[in-house]
Protein chains: 2
Amino acid sequence: MASLSANDYLNKYFPQFELALKEKLAQHTSIKTFETGELMMQPGQYFRSTMLVVEGKVKLYRQGEDGGEFFMYYLEPGNACALSLICATKQETSEVMAKAVEKTTVLSIPIEIMDDLVRNYKTWYYFTLETYRNRFEELLQVIDSVAFKGLDERLMFYLKKQTEKLNTKQLPLTHQEIAADLNSSREVISRLLKKIEQRGDVILHRNYVEWLK
Amino acid sequence: MASLSANDYLNKYFPQFELALKEKLAQHTSIKTFETGELMMQPGQYFRSTMLVVEGKVKLYRQGEDGGEFFMYYLEPGNACALSLICATKQETSEVMAKAVEKTTVLSIPIEIMDDLVRNYKTWYYFTLETYRNRFEELLQVIDSVAFKGLDERLMFYLKKQTEKLNTKQLPLTHQEIAADLNSSREVISRLLKKIEQRGDVILHRNYVEWLK
DNA sequence: TTAACGATGTGACAAAAGTCACCAATAAGC
DNA sequence: GCTTATTGGTGACTTTTGTCACATCGTTAA
């Protein structure tokens, strides 16, 4: 992966930004990278900047008191972290975990210019609204699946979302990892996957699950 | 309840708004009322305006495909509907149900002036951020309780929240209503309440539950 | 007063999900 | 090669939650 400038990234992943906004951002952002597996955000942490993802993939999840995890959604190039937008502006702490699941590059925008951005750049304002809205809707979907559906349906929903986001039908997930994301147990997931395999919707392999739909 | 003007309401429930903003809003908002039980928002509906709650109480909940309900949170005087803020601006449809649980009055702000507001009134901009943030956090709490906790703990969490929001320890809720809000069944809730009563945390009465903590 | 209705209590059973114990297959390191 | 760790499969059992059937108790309306 060649090393791009902030400007290159903005043109590639944020083409909707008006020219003046891109120039402004190029001047004031710094580029940061995170290694695979690195924690980018955790409860209690303060933000001095907000982040635009431009390479890699970030997994957002909630952590329970008992240490259990609960997957919410991924951020990809072109996305911003809604929470960092809010928390940076308000100087409050975040409530979720964010982990780089691939080598990830972000543009880091200092909070000092956030006021200026939202006030003077219409495309930025719309971008933040869009971001809030999308994350809100993702959360609503998550709530739906937990509130109204059994684990079998949630598993299907999860696998479907993974194929979309990971952009492959060979999902590189162990049963243990799936169980963690859904806050369930490995045995239960194994059994449900078997059922789904017998229905013909997936084929199980070692270390990956093949989605057939 | 005496009939107040938009200006009165703004001074009472939105004192943090700068003077110029209050004047602007007073000029452009209309006052709407909803009767107890009236639906204010439902999936698929478009918004031509956003709403500031100034009297009453609004219940926001998600509706499942099978018709089941799932309570998310209440809006009270001084709150805005985060979704109407987003949806009005973006001209997209909402995804949740909102119902007035008391006679409710709102200030209705036409979308035409939203751009102006966020751009030229700093206190408005902060207010919207605060609104997003609060709703986001409430959703995260809801997710937590469903993802990590059993029905007994969720029930406790629910009752506690109700005492805070309804501002009374005599919760005017039937077991049936509680079951609906938690998307469970009446018998299960009755049994769990009995257990909680035996622990000494509540006393059960006909048509209401007394919270003792 | 009485019939009807809504709210609640409860036992019996079913279904879903979690837990425990253990085994088998594969991969990785030495 | 052998050993070990990881991954996945499975049966037996428990706990939690949902469902069904029915009883009881107040309240309300005719």
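Convention: sequence-line order gives letters A, B, ...; per-chain numbering from 1.
For the residue pair A:Y74/A:Q162, the side-chain donor-acceptor check at 3.5 Å is satisfied. Using modelled atom types and a 3.5 Å distance limit, the side chains of A:K22 and A:N7 yield no donor-acceptor pair.
For the OP1/OP2 pair of C:dA17 and a distance below 4.0 Å, the side-chain nitrogens and oxygens of A:S185 include no atom meeting the criterion. B:S184 has a side-chain polar atom (N or O) that falls below the 4.0 Å cut-off from OP1 or OP2 of D:dG18.
One can place CD1 of A:I189 at 8 Å from P of C:dG18, the figure rounded to the nearest angstrom. Between the CG atom of A:L182 and the C1' atom of C:dA16 there is a distance of 15 Å, rounded to whole Å. Put simply, CD1 on A:I203 is 15 Å from P on D:dG8, counting in whole angstrom units.
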Using residues 184-192 of chain A as the side-chain source, report each donor-acceptor pair under 3.5 Å to any protein atom, sequence neighbours left out, with the distance given to one decimal.
| from | atom 1 | to | atom 2 | distance (Å) |
| --- | --- | --- | --- | --- |
| A:S190 | OG | A:H175 | ND1 | 2.8 |
| A:S190 | OG | A:R186 | O | 3.3 |

Enumerate donor-acceptor pairs with a distance under 3.5 Å from any side-chain N or O in residues 61-68 of chain A to protein atoms, sequence neighbours excluded.
| from | atom 1 | to | atom 2 | distance (Å) |
| --- | --- | --- | --- | --- |
| A:R62 | NE | B:D144 | OD1 | 2.8 |
| A:R62 | NE | B:D144 | OD2 | 3.3 |
| A:R62 | NH1 | A:E95 | O | 2.2 |
| A:R62 | NH2 | B:D144 | OD2 | 3.1 |
| A:Q63 | NE2 | A:G67 | O | 3.3 |
| A:E65 | OE2 | B:K149 | NZ | 3.2 |
| A:D66 | OD1 | A:G68 | N | 3.0 |

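In this structure, B:E69 has no salt bridge (charged side-chain N to carboxylate O under 4.0 Å, His left out) partners at least two apart in sequence or on a different chain.
A heavy-atom distance below 4.0 Å to DNA chain C is reached by none of the residues of residues 143-161 of chain B.
A salt bridge is absent between A:K161 and A:E164: the closest approach of a Lys/Arg side-chain nitrogen to an acidic carboxylate oxygen does not fall below 4.0 angstrom.
Taking the ring centre of B:F136 as origin, the terminal cationic atom of A:R135 falls outside the region bounded by 6.0 Å and 45° from the ring axis.
A salt bridge (Lys or Arg N to Asp or Glu O under 4.0 Å) check over residues 29-44 of chain B, counting only residues at least two apart or in different chains, returns the pairs B:E35-B:K103.
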Per-nucleotide protein contact string for nucleotides 6-13 of chain C, where B marks a base within reach and S marks sugar-phosphate only (heavy atoms under 4.0 Å, - for neither):
BSBBBBB-
